[in-house]
Amino acid sequence: MRQIDFAFSVQGADHIKKENSAKNDGKNLMYPCQDRSFSGIFDSLEMDMEKEILLNLRKGESESFILPSQKKLSVSLKKHSVPFKIICVSDGHGSPQYFRSGRGAELAISSLIELVSANVEKFNDCYKKNDFATIEKGLSVGISNNRWIEKVATDILKNPITESEYTRLKEEDEDCEKNIGTKKNLSEIHSPFLILSR
């Protein structure tokens, strides 16, 4: 696998305003940039293997300047005969009620890479036939149907919601006590948008 430099994220102006407004109101609510991006080339593999990739992210929470950083992320690659390139941005919400959307963005990227690794031959056949609709459907359904949700649930089991995160969630979501731990709630806490380049 070869890593390619790619864009780093920035905290949006609206989130900076909300964060400053919360501070002025005496609340300690953070609206950090939780976006993640990745670009890389994956060579063919003769066997399944774990690889570490480097995600691009913004370091720090509310600096007025960009401090680019990278974070290691483990992905499980399947044996595949067709090399592939991936460019993706996973846009974490960066709001207090989505306090783990940065992690959700990371899990979305790993889900995408693992999905492509497991299906690249099928996608390649579709590409040769100009059948981009099947590729697009395979990617969107493949990520959203269980792959990403399973990663989120596993991550929550390994890293349970802390008391401070729960308190922050209660401040933002009055119904969190009845929703906490549900599939819908766990996915919302981690919720990112995944933007793909084809």
Side-chain angles (χ1 to χ4, degrees), residues 1-9 32-59 67-94 98-127 134-162 165 181 183 186-198:
M1 194 218 61
R2 290 165 284 174
Q3 188 83 28
I4 300 169
D5 287 335
F6 193 49
F8 292 98
S9 301
C33 177
Q34 296 184 350
D35 305 344
R36 305 292 187 262
S37 63
F38 172 78
S39 178
I41 300 170
F42 294 86
D43 296 321
S44 57
L45 286 179
E46 295 184 12
M47 64 179 152
D48 296 354
M49 66 172 34
E50 288 284 318
K51 285 269 193 184
E52 276 195 345
I53 62 170
L54 292 174
L55 297 181
N56 297 313
L57 58 126
R58 179 163 181 253
K59 186 176 178 181
L67 290 175
S69 186
Q70 292 184 315
K71 179 177 183 177
K72 290 180 181 179
L73 180 70
S74 182
V75 293
S76 299
L77 299 174
K78 295 291 184 190
K79 174 182 174 182
H80 58 272
S81 59
V82 178
F84 61 94
K85 300 175 188 175
I86 288 188
I87 297 173
C88 57
V89 175
S90 191
D91 182 4
H93 291 293
Y98 303 109
F99 52 84
R100 288 193 180 177
S101 71
R103 181 64 179 147
E106 294 166 12
L107 298 174
I109 289 174
S110 67
S111 295
L112 170 69
I113 292 169
E114 291 170 6
L115 175 71
V116 172
S117 169
N119 295 282
V120 68
E121 285 87 359
K122 294 176 197 168
F123 293 151
N124 191 48
D125 290 342
C126 292
Y127 181 81
T134 299
I135 295 170
E136 188 173 324
K137 183 177 180 183
L139 290 173
S140 62
V141 170
I143 290 170
S144 61
N145 280 4
N146 295 328
R147 184 178 295 267
W148 179 75
I149 292 290
E150 285 175 13
K151 284 185 175 289
V152 168
T154 300
D155 194 63
I156 284 282
L157 290 173
K158 288 181 182 174
N159 306 291
I161 294 174
T162 65
E165 287 174 327
K183 185 175 178 180
L186 293 178
S187 64
E188 284 177 355
I189 289 169
H190 286 74
S191 182
F193 298 108
L194 185 63
I195 303 161
L196 309 174
S197 173
R198 98 174 153 182

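In what follows, residues are counted from 1 in the order of the sequence shown.
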Residue list, ring-ring contact (aromatic ring centres under 6.0 Å, His included) with Phe84, at least two apart or on another chain =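 Here the qualifying residues are Phe42, His80.
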
Check for a donor-acceptor pair, side chain of Glu121 on one end and backbone N or O of Ser81 on the other, with a separation under 3.5 Å.
->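 Yes, Glu121 side chain to Ser81 backbone: donor-acceptor pair under 3.5 Å.
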
Ignoring hydrogens and geometry, is there a side-chain-to-backbone donor-acceptor pair from Thr154 to Glu150 under 3.5 Å?
->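 Such a contact is found between Thr154 side chain and Glu150 backbone.
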
Kindly check if the number of other-residue, nucleotide or ligand heavy atoms within 6.0 Å of CD (Glu46) is above 12?
->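 Count not over threshold, so no.
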
Which atom names give the shortest non-hydrogen contact between [X] and [Y], and what distance separates them?
X      : Y      : value
Val75  : Ser110 : CG1-CB, 3.7 Å
Ser76  : Glu114 : N-OE2, 2.9 Å
Cys126 : Thr134 : SG-CG2, 3.7 Å
Gly104 : Trp148 : O-NE1, 3.1 Å

Separation between [atom1] of [X] and [atom2] of [Y], rounded to the nearest 0.5 Å:
X      : Y      : atom1 : atom2 : result
Asn124 : Asn119 : CG    : CG    : 12.0 Å
Ile109 : Ser39  : CD1   : OG    : 10.5 Å
Lys72  : Leu54  : NZ    : CG    : 7.0 Å
Leu112 : Phe38  : CG    : CZ    : 9.5 Å
Leu107 : Arg147 : CG    : CZ    : 12.5 Å
Leu55  : Ser90  : CG    : OG    : 9.0 Å

Pick out which of Ile135, Val82, Ile86 makes a side chain to side chain contact (heavy atoms under 4.5 Å, CB included) with Val116.
->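 Of Ile135, Val82, Ile86, side chain to side chain contact (heavy atoms under 4.5 Å, CB included) with Val116 is met by Ile86 alone.
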
Among Arg36, Glu106, Lys51, which residue meets the side chain to side chain contact (heavy atoms under 4.5 Å, CB included) test with Leu73?
->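 Of the listed residues Arg36, Glu106, Lys51, the side chain to side chain contact (heavy atoms under 4.5 Å, CB included) partner of Leu73 is Glu106.
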
Just checking, is any N or O donor in the side chain of Ser74 or Glu52 under 3.5 Å from an acceptor N or O on the other one?
->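 Not at all, the side chains of Ser74 and Glu52 share no donor-acceptor pair under 3.5 Å.
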
Under the side-chain hydrogen bond (donor to acceptor under 3.5 Å, both in side chains) test, residues paired with Lys78 that sit two or more places apart |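 Per chain and number, Lys78 pairs via side-chain hydrogen bond (donor to acceptor under 3.5 Å, both in side chains) with no residue.
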
Passes side-chain contact (heavy atoms from CB on, under 4.5 Å), Leu139 versus Phe123? Steps please.
-> CA-CA 9 Å; Leu139 290 173; Phe123 293 151; 3.7 Å; yes

